[in-house]
Every structure is written in C-alpha cells, then in structure tokens.
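Written below as structure tokens is the structure these notes are about.
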2 protein chains.
Amino acid sequence: MTENSAKNRTKSAAQTKSLNRDTILNAAVALADERGIDALSMRKLAETLGIEAMSLYNHVKNKDDLLDGMVDMVVAEIELPATNIHWKLALRQRAISAQEMLLRHPWASMLIVSRINIGPAMLRYSDASMGCLRAAGFSYALADHAINAIDSHIYGFTLLKSNFPIEEQEYAQAAEQFLPMFPASIYPHARGWAEEVISGRHSGINEFTFGLDLILDGLERLANGDQS
Amino acid sequence: MTENSAKNRTKSAAQTKSLNRDTILNAAVALADERGIDALSMRKLAETLGIEAMSLYNHVKNKDDLLDGMVDMVVAEIELPATNIHWKLALRQRAISAQEMLLRHPWASMLIVSRINIGPAMLRYSDASMGCLRAAGFSYALADHAINAIDSHIYGFTLLKSNFPIEEQEYAQAAEQFLPMFPASIYPHARGWAEEVISGRHSGINEFTFGLDLILDGLERLANGDQS
DNA sequence: GAGAATAGGCTTACACCGTAAGCACGTCAA
DNA sequence: TTGACGTGCTTACGGTGTAAGCCTATTCTC
C-alpha cells in the first residue's frame, strides 16, 4: 500500500517531468559524453532518467533509433558554411567546427561513419556544403569529391585522435616509457621519432589544420585550373 | 556411453588439428569477413572451429586480445613502402595497398582506429613509413604530420565507403528512390546532386586517390619549399 | 457525465553476450 | 610412478536488447 502510493508518486513526478524523445536524446548524449558510448545501455540510460528501461521504447523505436537521434542532435551543433565569404574559408570554418564538435562528443565520429545518417540536421549540413561549392562554380562531381575528401579527413583525424590513449601534454614522458619497445635494430625510425619527442624537439601533436589545408589548397588549385 | 565415446572422438579429432592462436585468428578473420564483425562472438567463433567457447581462452587472453591479434594479422597484408623509388610514389602505393586491405576486411578500419595497435606488423608499418620520409629529407615533425594526414584519409575514406549502404553500380537507381526526401525548397543542392547522379552525368563514386593526391601534392610542395 | 480508446508507464521473460571458476584428461619430465 | 602442466570441457553469473503483455491516468466520443 505505502509502497504502491510511493510508486504512484514517483510516477506522477516522472510524468510532470514529461518524458519525451528530446529529453531522452539529451540524457543519452550526456551519458555518452560523461561515461563513454559503451556505458550507454538502455537500462543505464533509463536509470539516469528515473524510469525503467522498457519505458524508453514508448519514445524511441529501438537502440539504433536512439543512436540515430543522438547523431542528428550533435550534427546540429556544427556551424553551417557561411555564404558571404570565399568558399575556401567557409569550408575551412565548417570543417573546424565539425572537428570541435566531434572532440566534444568523442563517441560521435564512430557512429556517424558506421550508420546511415539522413536526419534533418545531417541533410541540412550536406546540402549547405554542396551549396557552398556550387555557388563557387564547382561542378557537382568536383564538389562531391571535395566534400568527400574533407569529410574523410575530419572523421579519420578525429577518430585517430579521440582514441589515442595518451594525453597530449604527456607525450614526452609516455615516449620515454615506450622507448624499450623500439629497439634501434628493428624499428630505428620509430625509435628516432620517440627520441625526438622525448628531447622536446618535436611535440608529437598533430594539428587538424595541417591535413585540412593540404586538401583545401589542392582544391583551390584544381578550381583555378592550375597545371601544378 | 556411445555419446561419451563420440565426444572423445571429437576431442581427439580437435586435438589432431592442434588448435592454436594462429588457427583461431585466421578463423576469426574469416568469420568477420564473411558475416560481419557483429557476428563475431566467442561462441560463434568456437562453433566454426568445432570447439567450445571457453577453450578459446587457452590461446587468447580475452576478446580484446583476439581483436588485437586480428588487426595485426591483416595489417601484415599491407605492402610496405618501397625503398628504391621516390617517397611520393612509395607512400602512394603504401596508401593504396592499405586501402585495398581495408576494403577486403571492412571491419578492420573501425578496430584500428578504436584501439591501441602496437603489434609487430603495425610497428613495422609505422617504422617503414617514417623511414621512407626521413630518407627523403623530411624532419621528424613534418614526417609525423604527413603520415597522420595520409592515415586520416585512409581510415576516414574507407570507413565512409565501407559503411555506405548502397552498392556503387546502384547509385543512380537509389538516387531516384531517395529523390522525394530532397524537396527542392529545403535541400536544393542535395536534390541537384541526386538529379545529376540520376541523369548519369555524375557517377556519384568517390575515388580514394582524389583526396590522397591532394595530400601528396601538398606535401611535395611543402618538401620543395614552394611558396604556393 | 459514462464509457471507450489511447498513451505511457510498468513487470516479466528470453536469447544472447563475455568470461570467472573449476573439473577432466592426455602428455611429459623427474 | 608421480606430479605438474596444457588444453579441452561444463556450469554459472551478471550484463545486453527487446518482445509480450499488464495497469492506470488521460483524452475523446456520444
């Protein structure tokens, strides 16, 4: 009895909070941000919302639908390319904004590349990028290739970076630890690299814009019809 | 009794086949290639080998160890950069070889970017790439950035391609199907792109070498000290 | 206002997962 | 001969996604 009324109160409280798809998606994103995508189970997510796992299924079709919703939610955080500036700068800013989002949500890159993403935010993002290059005179084919090259760099770079197990400020001391794994007789160049990092002559940090600018500069030359 | 002796026979047969780490890794790679990485469970893998799941643990520490072994096994398939040719061509061939391997084993990209890979094959691969650029006069820092940019493209491109749900020869008809999802009033450029593919003026296929050559050409300019 | 339909919680149950614990047995060294 | 070891096995546990169906508060229809 007492238990029952307690349950009812809980239920009422939950209802006043009006559980809905957006609340669930926000909680899922927060949980994945804080504890990693592996910790995101339907049961744990429900727990953070004070409900039971199966109740989630009234608002999302299944876990895949949940993940799709999460992806579109964070994709909406990406700045669209500006329309009033040169295409190269617009795409550069768009790429950096995307990369910043992916570092804020380290689980997102993997989800984006491993599923079909046709949520409204992703469509708008793709459409705006294509529009930016079309306005600059690119053919559909060249624009397609350009966007694919840039996106490959965005996802590849952030995946490598997000999953790298060592913090950037600890590279030097980590390299020192790993040095015994690189005998000069077998891996001379890996060893040389490690020694360079230990000495401080090379930070070991990779900049997103290094590869990005190689690609953008190359595209600009193509657009201008340079013979290289 | 009969059952028991049958069991013993099975066991003897299994023993004559001499289960070992390499046999297991080969079976795991084959299973992942044929049925996808999600179908690779310890139980299913054991079944294909005619043994019980727990027997695998005599040869691999745990599932992570199994995955690490699989990764290093397929990384060994990558051609190392040749030493007797220009660095640009050597790295180009290495990148193409890596991409071909990753398309043969579509599960591999995801594993490589999402775990620490310090198996012997991966170390040899990294060492050879660094050696190739060092021999060409690159500083450690520039070589590091160059390799990171190329690897980002390799993994990003293959991940996007492997997980794209439509076969290349079906792009045109698929675009026709998806056209209603792109109302011209909301997604004009995505719609234009789809119409271009439907018309056959653009295949919609993205070439790995497009982005790769942008990066390599850019690196060559950097190496030559061009002012752009 | 009465009764039906619906929405959105809930419990229970199932098949699958990775793997800890420990048993059974064949092989081999001392 | 005996004991240790290697390598198979069974059992069991806590986790997963989710199908099926129950319960009740709200909303719609007459």
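Here is the naming used below: chain letters follow the sequence lines, and residue numbers restart at 1 for every chain.
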Taking the six-membered ring of B:Y140, is the NZ or CZ of B:R134 close enough (under 6.0 Å from the centre) and on axis enough (within 45°)? yes
From the set C:dG18, D:dT10, D:dG17, return the single nucleotide nearest to any side-chain atom of A:R43. D:dG17
Would B:R94 and B:D151 pass as an ion pair if we require N to O under 4.0 Å? yes
Taking for each residue the nucleotide of DNA chain C bearing the nearest heavy atom, is the 5' side occupied by B:K61 or by B:D38? B:D38
Determine whether A:D72 and A:N117 make a side-chain contact, defined as any pair of heavy atoms from C-beta on separated by less than 4.5 Å. no
Return no unless some side-chain N or O of B:K44 is found under 4.0 Å from OP1 or OP2 of C:dC16. no
On the 0 to 90° scale, with breaks at 30° and 60°, tag the B:F210-A:H145 ring pair as parallel, tilted or perpendicular. tilted
Would you say the side chain of A:N58 and the base of C:dG9 hold a donor-acceptor pair, judged only by whether the two atoms sit under 3.5 Å apart? yes
Contact class for A:S41 vs. all strands (heavy atom < 4.0 Å): base, sugar-phosphate, or nothing? sugar-phosphate
With the side chain defined as heavy atoms from C-beta on, A:E52 is closest, among D:dT10, C:dT19, C:dC10, to C:dC10
Given D:dT7, is OP1 or OP2 found less than 4.0 Å from the side-chain N or O atoms of B:S55? no
Using the side-chain heavy atoms of B:H59, tell me which of these nucleotides is nearest: D:dT7, C:dT19, D:dT18. D:dT7
